[in-house]
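As the structure is a computational prediction, the values presented were derived from the model and not from experiment. Below, chains carry the letters A, B, ... as their sequence lines are ordered, and counting in each starts from 1.
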There are 2 protein chains.
Amino acid sequence: MIGFEDFIMADGMPIYLQILLYIKRGAAAGAIVDGDELPSRRMLSALLGVNPNTVQKAYKMLEDEGLIASHAGAKSLMVLDETTIARLKKELLADEVRAMARSFRQMGLSKEEAVALLDAYWE
Amino acid sequence: MIGFEDFIMADGMPIYLQILLYIKRGAAAGAIVDGDELPSRRMLSALLGVNPNTVQKAYKMLEDEGLIASHAGAKSLMVLDETTIARLKKELLADEVRAMARSFRQMGLSKEEAVALLDAYWE
DNA sequence: GCAACTGTACTAATGCAATAATACAGTTAC
DNA sequence: GTAACTGTATTATTGCATTAGTACAGTTGC
């Protein structure tokens, strides 16, 4: 069962996209693997304090992308092969780093300063 | 006059927030300085292909924060002192790096891998 | 078999982002 | 002074995100 312990709700991004991203990142990291059970729509919505329909929207998009399989009455399961995982990793990292590099450059940071900051905030 | 040459519209974030962020980052970087003229609401909306009200919303928030001064009939001007610039720099960088470090960690990257990626994508 | 879960599918209502179309009063350039 | 700009304000409409409530059919554990 996939846990949402380190899920932190942010604002500025739709909740259903945050859920989507959380699962994709977990899959890219290997924390979520093929065959893993997803929490039910009702369980996760209660856990996150959001509406079941919001979770359903995220799950539906994941299913449309082929990342999860759902059957009426049964828990939804992750469907992940090596090709998919590799694609996810590539996509997510490229998006993230591109956006970050752009914003750093826009703020006038040198590469060295950016690296130093990343180092400091890593925790 | 502040130019918006390198403004790239992204989706997932409200347009008025993107405009707000663009100006704040410019101010933090020193590319935008005290007394600089802002493009008029109508000019910028035409340039970006959005509604004048969307630009107005961003400008209004900047004015509420004391970062710009507007007088009916005249162009709006940037209001930036050293204290404000220092505050902007600190706020923007902290937000950015925190979000990025979280997402990298969620994807299972080590600090060294993150630094290497940042290096690769810098340009 | 039955209760408690599961996915799925609706409808309705609310709030925010964005567009559209005006209107009015103040400033600026000629 | 006048035309062309400027900021400001208002109303209406559209679409998306989110909540709320309900319903139904399939699966699972006992």
Check your understanding: Which nucleotide in the set C:dG26, D:dT6, C:dA20 lies at the smallest distance from any side-chain heavy atom of B:Ala72?
Key -> C:dG26

**Study point:** Test item: B:Gln18 side-chain N/O and B:Met13 main-chain N/O as donor-acceptor pair under 3.5 Å
**Key:** yes

Review point. Quick check: does any side chain N or O of B:Thr84 sit under 3.5 Å from a backbone N or O of B:Leu80, one acting as donor and the other as acceptor?
Key: no

Study note, to complete from the structure: Applying side-chain hydrogen bond (donor to acceptor under 3.5 Å, both in side chains) to B:Lys111 and not counting sequence neighbours gives A:Asp119

Exercise for review: Ignoring backbone atoms, test whether A:Thr54 places a side-chain nitrogen or oxygen under 4.0 Å from the OP1 or OP2 oxygen of D:dT19.
Suggested key: yes

Review point. Expressed in angstrom and rounded to an integer, what is the separation of A:Asn51 atom CG from C:dG15 atom C1'?
Key: 14 Å

Review point. Where along residues 31-46 of chain A does a heavy atom come under 4.0 Å from DNA chain C, residue by residue in number order?
Key: A:Ser40, A:Arg41, A:Arg42, A:Met43

Check your understanding: Out of D:dT19, C:dT8, C:dT19, which has the shortest distance to the side chain of A:Gln56?
Key -> C:dT8

Check your understanding: Start at the 5' end of DNA chain D and walk down; is the nucleotide closest to A:Gln18 or to A:Gly73 reached first?
Key -> A:Gln18

Review point. Do A:Leu92 and A:Leu21 have side-chain heavy atoms sitting under 4.5 Å apart?
Key: yes

Can you check nucleotides 10-16 of chain D for protein contacts, nitrogen or oxygen pairs under 3.5 Å, and list what you find?
none

Study note, to complete from the structure: For A:Gly108 and B:Ala29, the nearest pair of non-hydrogen atoms, with its separation, is N-CB, 3.7 Å

Review point. Between B:Leu20 and B:Tyr16, is any pair of side-chain heavy atoms under 4.5 Å apart?
Key: no

Check your understanding: Counting just side-chain N and O atoms, does A:Ser70 come under 4.0 Å of either OP1 or OP2 of C:dT6?
Key -> no

**Study point:** Side-chain touch A:Leu88/A:Leu67, heavy atoms, less than 4.5 angstrom
**Key:** yes

Check your understanding: If you check every side-chain atom of B:Pro14, which of C:dA20, C:dT6, C:dA17 has the closest atom?
Key -> C:dA17

